[in-house]
K.L.:
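First, the structure itself, so that you have it in front of you.
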Amino acid sequence: MSVVDVQPTPSGMTMAPPPRTRKYPGWLIFTIGTIGAVLVLALTSELTGEHALTSSSTMQNTITLGLPILLCGLGGIWSERSGMINIGLEGMMILGTWGAAFGGYHWGPWMAVVTGAICGALGGALHAVATVTFGVNHIVSGVAINLLGAGVTKYLSTLIFQPISNNPRDSPPIEQFDTFSSPGLSDSLLRMEKDRGNSSVQGMASDVAGLVRGLVTGVSPMLIIGILLVIATYVVLWRTPFGLRLRSCGENPVAAESLGVNVYFHKYMAVVASGALAGIAGAALVLGSSPSIYQEGQTANRGFIGLAAMIFGNWRPGGTLAGAGLFGYADGLRLSATPEAVHALLYSAFIVAGALVLWQLYRRKLRTVFFAAIGAVLVYALYYFTDELPEQFLPYTPHIITLVVLALAAQRLRPPATDGMPYRRGEGD
Amino acid sequence: MIWLSALRLVLATVKKWGPLRAPVLAVVFAAVLCAVVLLFSGANPFSAFGAMIAQVREGQVAVDIVNSTAIYMLAALAAAIGFHMNLLNIGIEGQYRVGAVVAAIVGGAVVLPGVLHWLVILVVAALAGALWALLPAVLKVTRGVHEVISTIMMNAIAFGLAAFLIRRDQFGVLVGNNVTTDPIPPSGQVPGIDLGSRGTVFGLVFLAVAAAAVYAVVMDRTRFGFELKASGLSPTAAAAGGVNAKKMIMVSLLVSGAVAGLVGMPEILGRDHAYTLNFAQGYGFAGIGIALLGRNHPLGIAFGSLLWAFLEKAKGALDNEGVPKEIATIMQGAIVLSVVVAYEIVKRMDLVAEQRRVGRATAAVVEPEAVK
């Protein structure tokens, strides 16, 4: 992730933007961020006594619910890196859920992933035909595909699932993946999680143990697939000639064309891969729900959250993984924790704001210190004067976080330069 | 000679009806697509379409179609206002939900004489819708945040807000098995046209018609409409002409949100008299599809809404034909996609024809000079 992006070639009157270099390599930021997040949660759990925040079941829910978001976000990266906006991820994910249920019912969980990917890829291919070949506005085509995806699956599930499950909205349950745990590690972590000891250090250690235990207990092959796909996305897009060409189509297709890159081909590949990833996200959703069935309205706008995770991650796989983890956690906590535990998250927000104040003081950015301090005081006041957060807003935490990130960091995000712009072969200037 | 002039007439007509090529192409393509899907599921397309048309004469279907058309028209107008500026207001879904729940709460709480009461409710709905569009507009103007992403987020949050507001410790009351807001007293209800067993046409159907008329006048006959369209067609040219782009973005998103806020009103003031848990959803995205279908033209939008409402309300007939009625949603999606693709194709055909024409014309001019 430390690769500097391909800069658009300066052509004619336009000036090339100054190259953006990062002070620290991406993996370091990612590691520090992860450790920081774990520490903040452990500290909150220790200070507020809401241990559900760091329980292993919360972590498992985070993984189950974060995976579809992660895979959708990866799909977004593939498509948008080639310059194609893909609002249709939601529709492709819906197609994926149906495909996974169909394939899983007939041939088991591994085929569920494959058929989900195929169905999603079909949606992606439709998007590619409309946008690449016919030059339709990307967002317009995406909205149409969302309508179409919902319609096609409703129709197909009435046609095919209803005779088996007697319900037009559900599929019959499909076989789940066998999960596996690392026996020694999982047990010793369980002991650590249960035994909070007397000192706060031991308490925090048991919080960390809970989070790690959630990661290594009841691991589904879906998690492995997800992690492998993150790595594969990074390697293919940032470490191969194909990926360089694909990204160059998103930065400056005319320049790519002049270098002999087949822009249409790369855009097609990107959008179809994007659809396939969204389809796998659908499969992850089906396999992750219990019982494992396709349900109408199951995706619940997770495709859009995937897009949000991608934006949060600045169009990069590692950042998207972090975003998906954050949003998955917000979603997972709702399942396994009480409203009071969710309320304790405000305390986490206070810790983060406080840390920001100190960091910006160190960097002598007084204006930022001022705003961060006000934010910290407001969050603490909210924490102090309320007992619980209205649970109705909890599912929407990712959306609110996304808006805040966009409002604060929109200028620091760097989408591909020609994201969403029309391109036709041979019409460059 | 007669043949020649007849041919000329036909050619002239084709040229005159040139703008209709795209919709005709789209309808033909969508019809073929739907027919293929119907055949695939083992039904005769002609009898299926026939059954849907026959369904219109049944019970309240015709009145339902009229009512739905009005609702879709409002949603599509809201989308079209943004489209003129190249703004994609995906947030209509959330804006109309917030408009509906806030207006229902206010309408149930205040007591005002007759007409004034529902006028106030309408204004509140529009204001609430505009308010829900305010944050995306501000983010767009000050921070450059793309409105599609921010409005998608606002849509989701709107669901949470509505669910929160009708909690029973907030504004909700339990009616039977359903949680609703306080019912709006009769002074705030808009009377409809009672057609007996055929159902009741919502009074606010006329609001949709009025909105379409106002929209047509504003777009074609006022400076604001001109500036809006100019900014959409060429932001640089509009800026050079003294149009304040940021102001136009703010105003058009807020107006779009205000119109979106009204989308829920025909049902709430005409039938439900409260915001209920099972308030309809999906009108926003339908509105976007219909605005694309109608190419932002008021008559196109009216026609598109009618088509959409027909598919939605007459689809029940398909079940009797042995076809899952969900196919109507596929038809809607297929029609939207066909329309946008058809317009692109026709645009390109025109472009190529224009290039050829110009090429021939310039070649004719250049050649004599080359001879010299």
Side-chain angles (χ1 to χ4, degrees), chain A residues 85 87 90-91 126 129-130 133-137 139-159 162 168 296 300-301 304-305 307-308 311 390-403 405-411 413 415 419-420 422 424, chain B residues 37 40-42 83 86 88 90 135-136 138-139 142-146 148-150 152-167 169-170 282 285-286 288-289 292 319 323-345 347-348:
Chain A
I85 291 183
I87 292 277
E90 174 78 13
L126 185 62
V129 169
T133 304
F134 290 113
V136 171
N137 182 310
I139 294 170
V140 168
S141 165
V143 168
I145 283 175
N146 287 341
L147 283 173
L148 212 53
V152 169
T153 47
K154 269 187 201 169
Y155 172 73
L156 286 177
S157 76
T158 311
L159 205 63
Q162 191 174 18
E296 196 179 308
N301 291 339
F304 295 127
I305 302 289
L307 272 184
I311 294 169
E391 54 179 329
Q392 280 79 5
F393 284 107
L394 191 59
Y396 305 103
T397 328
H399 308 82
I400 297 170
I401 292 175
T402 307
L403 281 176
V405 167
L406 283 173
L408 295 181
Q411 266 89 21
L413 297 176
D419 204 7
R424 283 207 71 196
Chain B
V37 178
F40 173 72
S41 41
F83 281 156
N86 279 337
L88 288 149
I90 306 281
L135 185 66
V138 169
L139 284 180
T142 61
R143 312 293 297 179
V145 175
H146 200 292
V148 168
I149 295 296
S150 54
I152 284 175
M153 299 302 137
M154 294 302 281
N155 276 349
I157 300 170
F159 268 91
L161 180 71
F164 173 68
L165 286 178
I166 66 164
R167 241 166 55 162
D169 55 347
Q170 300 293 331
F285 284 108
I288 292 166
L292 292 169
D319 273 344
V323 186
K325 61 175 181 293
E326 285 73 19
I327 200 172
T329 320
I330 302 184
M331 290 180 185
Q332 292 166 342
I335 290 171
V336 171
L337 213 53
S338 323
V339 167
V340 287
V341 169
Y343 269 92
E344 282 301 325
I345 292 175
K347 200 170 94 186
R348 280 184 192 178

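Naming: A, B, ... by sequence-line order, numbering from 1 per chain. In what follows, every heavy atom counts, from backbone to side chain, and hydrogens, waters and symmetry copies are set aside. On a predicted model such as this, the values are computed, not experimentally measured, just so you know.
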K.L.:
Could you note down all residue pairs passing side-chain hydrogen bond (donor to acceptor under 3.5 Å, both in side chains) where residues 328-341 of chain B supplies at least one of them, sequence neighbours left out?
P.N.:
E312(B)-Q332(B)
K.L.:
Show your reasoning for whether side chain to side chain contact (heavy atoms under 4.5 Å, CB included) applies to F304(A) and I149(B).
P.N.:
CA-CA 8 Å; F304(A) 295 127; I149(B) 295 296; over 6 Å; no
K.L.:
Which bit of L406(A) is near chain B, if near means a heavy-atom gap under 4.5 Å: side chain, backbone, both or neither?
P.N.:
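Both parts, heavy atoms under 4.5 Å.
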K.L.:
Non-hydrogen atoms of chain B under 4.5 Å away: do they reach the side chain of I400(A), the backbone, both or neither?
P.N.:
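Contact with chain B is through both the backbone and side chain of I400(A).
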K.L.:
Please classify the contact between V148(B) and chain A as side chain, backbone, both or neither, with a heavy-atom cut-off of under 4.5 Å.
P.N.:
side chain
K.L.:
Going from OG1 on T153(A) to CG on L159(A), what distance comes out if it is rounded to the nearest 0.5 angstrom?
P.N.:
12.5 Å
K.L.:
Let me see the working for H146(B) and I139(A) under side chain to side chain contact (heavy atoms under 4.5 Å, CB included), right down to the final yes or no.
P.N.:
CA-CA 12 Å; H146(B) 200 292; I139(A) 294 170; 4.1 Å; yes
K.L.:
Which answer fits V136(A), side chain, backbone, both or neither, if we ask what part of it has an atom under 4.5 Å from a heavy atom of chain B?
P.N.:
both
K.L.:
Give me the atom names and distance for the closest heavy-atom approach of R143(B) to A407(A).
P.N.:
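So the two residues come closest at NE-O, 2.7 Å.
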K.L.:
Could you tell me which portion of L88(B) (side chain, backbone, both or neither) has an atom closer than 4.5 angstrom to a non-hydrogen atom of chain A?
P.N.:
side chain
K.L.:
Between I335(B) and chain A, which part of the residue has a heavy atom less than 4.5 Å away: side chain, backbone, both or neither?
P.N.:
neither
K.L.:
Checking F83(B) now: which residues fulfil ring-ring contact (aromatic ring centres under 6.0 Å, His included) with it, not counting sequence neighbours?
P.N.:
none
K.L.:
Measure the CG-CE distance between L403(A) and M153(B) for me, rounded to the nearest 0.5 Å.
P.N.:
7.0 Å
K.L.:
Identify which of G420(A), G91(A), G135(A) forms the greatest number of heavy-atom pairs closer than 4.5 Å to chain B.
P.N.:
G135(A)
K.L.:
Output the option from V37(B), V145(B), V138(B) having the highest count of non-hydrogen pairs under 4.5 Å with chain A.
P.N.:
V145(B)
K.L.:
Side chain, backbone, both or neither: which part of I157(B) has an atom under 4.5 Å from a heavy atom of chain A?
P.N.:
both
K.L.:
In terms of heavy-atom proximity below 4.5 Å to chain A, should L139(B) be classed as side chain, backbone, both, or neither?
P.N.:
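Only the side chain of L139(B) comes within 4.5 Å of chain A.
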K.L.:
When you look at L292(B) and V339(B), which way does the side chain to side chain contact (heavy atoms under 4.5 Å, CB included) test go after all the steps?
P.N.:
CA-CA 8 Å; L292(B) 292 169; V339(B) 167; 5.7 Å; no
K.L.:
Let's test your reading of the structure: which of I288(B), I152(B), N155(B) forms the most heavy-atom pairs below 4.5 Å with chain A?
P.N.:
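Ranked by heavy-atom pairs under 4.5 Å with chain A, first place is I152(B).
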K.L.:
Which answer fits T133(A), side chain, backbone, both or neither, if we ask what part of it has an atom under 4.5 Å from a heavy atom of chain B?
P.N.:
backbone
K.L.:
Nearest 0.5 Å please: distance from the CZ atom of F40(B) over to the OH atom of Y155(A).
P.N.:
6.5 Å
K.L.:
Between chain A and each of P324(B), P136(B), G144(B), count heavy-atom pairs under 4.5 Å; write down the option with the most.
P.N.:
P324(B)
K.L.:
Who among I85(A), N146(A), L147(A), L148(A) has the most heavy-atom pairs with chain B under 4.5 Å?
P.N.:
L148(A)
